[in-house]
Amino acid sequence: MVDLIEKKRDGKELSQEEINFIIEGYTNGNIPDYQMSAFQMAVFFQGMTPSETANFTMAIVKSGEQVDLSAIEGIKVDKHSTGGVGDTTTLVLAPLVAAVGVPVAKMSGRGLGHTGGTIDKLESIKGFHTEISQQEFYDLVNKNKVAVIGQSGNLTPADKKIYGLRDVTATVNSIPLIASSIMSKKIAAGADAIVLDVKVGAGAFMKNLEDAKALAETMVGIGKSLGRKTMAVISDMNQPLGFAIGNALEVKEAIDTLQGHGPKDLHELSLTLGSQMVCLAGKADTPETARAMLEEVIANGKALEKFKVFLAAQGGDASVVDQPEKLPTAKYTLDVEAKADGTVSEIVADSIGTAAMILGAGRATKESTIDLSVGLVLHKKIGDKVKKGEPIATIHSNHDENEEVIQRIYDSYTIEEGHVERPTLIYDVIK
């Protein structure tokens, strides 16, 4: 291992066998944390070649179980977002692309941070559960074209160890390490094709377009090298996506979007990502044709109907789709009013996310309990005009003391005089 640390430190390329030796040795405990830390710092400074990154990813995949989705008919397309605030796209995309015949076999986890993960959000719906057997999962996707299952405990164990070490050794911001972490999970989960939503901006992991592009290109390259059709959309996270931040609130927003009257940015991003998923699944030749198919199933109600079928098949009360008031509801709602006339010029997405977490919408630690009913609903986004006394956001809370959250919302919003351009939503598509 010392020789391999030295080799990487000096910027030389590691062979597949050498990379396999490192991952196997670290996973089984033969290579200690201090040597893996030194190796990761060498990668941080020297980077990895495309073939090294692909080999590193595949070694992580082979460290644990691999899901075999061959029992599911058709091309299985997975979607991954690099994360942000108010990112409700999975809840919209799963039934939307399933409604045009694309099989969605989604493996999801619980959230850590601003709000819950996809599973937490879906558990806002009474009775919904993801603890189903692999066979039931395959059967549901073959029957309904969509199902969501909880993540297997033994997928990519090497990644869990490496990820924990990156966090405490200042090696988180390494593009090969980020890319291999994300792609190893997607490949181990068995997808034939992968659509990546790489976020960029103040509320994203990648703060500038250059880094976001580099990450997107690296991940697409890994997918291609490992025989998976892969593409990436680079989308904006300089403000929260949509209006809702919080579990039940985001489910309601997903329902609105499937009905065709959701927030413009969530609607547009869902159609962009969905179009790419439909193309990769071979159901359309161009994104334009795919988009028209998706718009049609929103307009004729088939996407919404598919959401109901999906919920009911996994024990959920599908009547919430027509009666969203059945979703968990917070005891108090409180409007936060603008202090001046003007135009919203900035919303600090991270800070808004933290405000939702303080209310109980997210987990500060893995042990934290989520309150599915609480969160925030924004009324004004960047470029919107606002009058003094008009609500900029509504707090949904189960506490009557919300001063810290109110202050965070005020600190997050900047209101200026004059015209402000709305931010670009889609910056690039990497194929």
Side-chain angles (χ1 to χ4, degrees), residues 81-89 114-115 197-213 233-246 249-250 253 256-257 260-273 333-359 361 375-397 402-429:
S81 164
T82 58
V85 182
D87 190 354
T88 313
T89 48
H114 310 124
T115 61
D197 179 13
V198 179
K199 303 290 189 190
V200 63
F205 194 60
M206 292 300 176
K207 305 296 179 194
N208 63 67
L209 195 52
E210 191 184 345
D211 286 347
K213 262 183 137 166
V233 171
I234 299 177
S235 70
D236 183 68
M237 192 40 77
N238 280 305
Q239 61 179 341
L241 182 66
F243 297 120
I245 302 116
L249 297 170
E250 289 185 41
E253 187 163 86
D256 290 344
T257 305
H261 50 77
K264 280 183 190 170
D265 55 353
L266 178 58
H267 175 83
E268 181 57 35
L269 183 57
S270 298
L271 286 176
T272 302
L273 295 169
T333 57
L334 177 68
D335 286 341
V336 179
E337 296 172 351
K339 292 179 177 177
D341 293 356
T343 308
V344 177
S345 62
E346 184 185 21
I347 303 172
V348 183
D350 275 6
S351 189
I352 289 284
T354 304
M357 191 166 73
I358 291 166
L359 289 166
L376 304 170
V377 176
L378 309 183
H379 301 298
K380 298 292 177 181
K381 301 282 288 279
I382 295 172
D384 287 346
K385 298 214 172 304
V386 61
K387 288 196 164 16
K388 185 180 177 180
E390 208 179 352
I392 53 174
T394 299
I395 295 170
H396 293 248
S397 174
N402 295 290
E403 289 310 311
E404 186 185 355
V405 175
I406 293 167
Q407 193 53 52
R408 271 193 180 269
I409 292 169
Y410 279 131
D411 291 346
S412 302
Y413 268 82
T414 304
I415 295 170
E416 294 179 358
E417 291 179 10
H419 176 74
V420 175
E421 286 292 325
R422 297 184 191 278
T424 301
L425 179 63
I426 311 289
Y427 290 100
D428 209 346
V429 174

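Residue numbers start at 1 and run along the sequence shown.
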Legend entry - Minimum side-chain heavy-atom gap Glu404-Gln407 below 4.5 Å: no
Legend entry - CZ-NZ distance between Phe243 and Lys264, expressed to the nearest 0.5 angstrom: 9.0 Å
Legend entry - Trace of the salt bridge (charged side-chain N to carboxylate O under 4.0 Å, His left out) decision for Arg422 with Asp384: CA-CA 8 Å; Arg422 297 184 191 278; Asp384 287 346; 2.6 Å; yes
Legend entry - Pro240 backbone acceptor or donor facing Lys381 side chain under 3.5 Å: yes
Legend entry - Inter-residue atom distance Leu359.CG - Thr354.OG1, 0.5 Å rounding: 11.0 Å
Legend entry - Nearest non-hydrogen partners of Val336 and Ile395, listed with the distance: CG2-CD1, 3.7 Å
Inset, instruction - Look at the side chain of Asp335 and the backbone N and O of Pro391, then say whether any donor-acceptor pair between them is shorter than 3.5 Å. - result: no
Legend entry - Sub-4.5 Å side-chain heavy-atom contact between Thr89 and Leu266: yes
Inset, instruction - Grab the two heavy atoms, one from Ala202 and one from Asn238, that are nearest each other, plus how far apart they are. - result: N-OD1, 2.9 Å
Inset, instruction - Can you measure from OG (Ser345) to CD1 (Ile415) and round to the nearest 0.5 angstrom? - result: 8.0 Å
Inset, instruction - Keeping the roles fixed (side chain from Glu253, backbone from Ala244), state whether a donor-acceptor pair exists under 3.5 Å. - result: yes
Inset, instruction - Please check if the side chain of Thr343 supplies one atom and the backbone of Gly418 the other of a donor-acceptor pair under 3.5 Å. - result: yes
Inset, instruction - Drop me the distance from Leu273's CG to Leu269's CG, to the nearest 0.5 angstrom. - result: 4.5 Å
Inset, instruction - Could you tell me whether a side-chain N or O of Asn208 sits under 3.5 Å from a main-chain N or O of Asp211, the two making a donor and an acceptor? - result: yes
Inset, instruction - Determine, for Asp236 against Lys199, whether the closest basic-nitrogen to carboxylate-oxygen distance falls under 4.0 angstrom. - result: no
Inset, instruction - Working to the nearest 0.5 Å, report the span between CG of Asp411 and OG1 of Thr414. - result: 9.5 Å
Inset, instruction - Please check if atom NZ in Lys213 has more than 12 non-hydrogen atoms from other residues, nucleotides or ligands closer than 6.0 Å. - result: no
Legend entry - Ile234 side chain reached by Leu209 side chain, heavy atoms, under 4.5 Å: yes
Inset, instruction - Apply side-chain contact (heavy atoms from CB on, under 4.5 Å) to Arg408 and Ile358, showing your working. - result: CA-CA 10 Å; Arg408 271 193 180 269; Ile358 291 166; 3.4 Å; yes
Inset, instruction - Have a look at Tyr413 and tell me which of Ile382, Leu378, Val348 forms a side chain to side chain contact (heavy atoms under 4.5 Å, CB included) with it. - result: Leu378
Inset, instruction - Please examine the side chains of Val405 and Leu376, heavy atoms only from C-beta on, and report whether any two atoms are closer than 4.5 Å. - result: yes
Legend entry - side chain to side chain donor-acceptor pair (under 3.5 Å) evaluation trace for His379 with Thr394: CA-CA 8 Å; His379 301 298; Thr394 299; 2.6 Å; yes
Legend entry - Any side-chain heavy-atom pair of Lys207 and Val200 under 4.5 Å: no
Inset, instruction - Applying side-chain contact (heavy atoms from CB on, under 4.5 Å), name anything that partners Glu337, two or more places apart in sequence or on another chain. - result: none
Inset, instruction - Kindly give the heavy-atom pair with the smallest separation between Lys380 and Lys385, and that separation in Å. - result: NZ-O, 3.1 Å
Legend entry - Verdict with reasoning, Ile352 to Ile347, per side-chain contact (heavy atoms from CB on, under 4.5 Å): CA-CA 8 Å; Ile352 289 284; Ile347 303 172; 3.7 Å; yes
Legend entry - Taking every non-hydrogen atom, the tightest pair across Ala361 and Gly246: CB-CA, 4.0 Å
Inset, instruction - Would you mind reporting whether Val377 and His396 have side-chain heavy atoms less than 4.5 Å apart? - result: yes
Inset, instruction - Please report the closest heavy-atom contact between His267 and Thr257, naming both atoms and the distance. - result: CA-CG2, 4.0 Å
Legend entry - Exercise: identify the closest heavy-atom pair between Val85 and Ala349: CG2-O, 3.4 Å
Legend entry - Ile392 side chain reached by Val386 side chain, heavy atoms, under 4.5 Å: yes
Inset, instruction - Say whether, by atom type as modelled, one donor and one acceptor occur between the side chain of Glu390 and the main chain of Lys387 under 3.5 angstrom. - result: yes
Inset, instruction - Could you tell me the separation between the OG atom of Ser235 and the CD1 atom of Ile426, rounded to the nearest 0.5 Å? - result: 5.5 Å
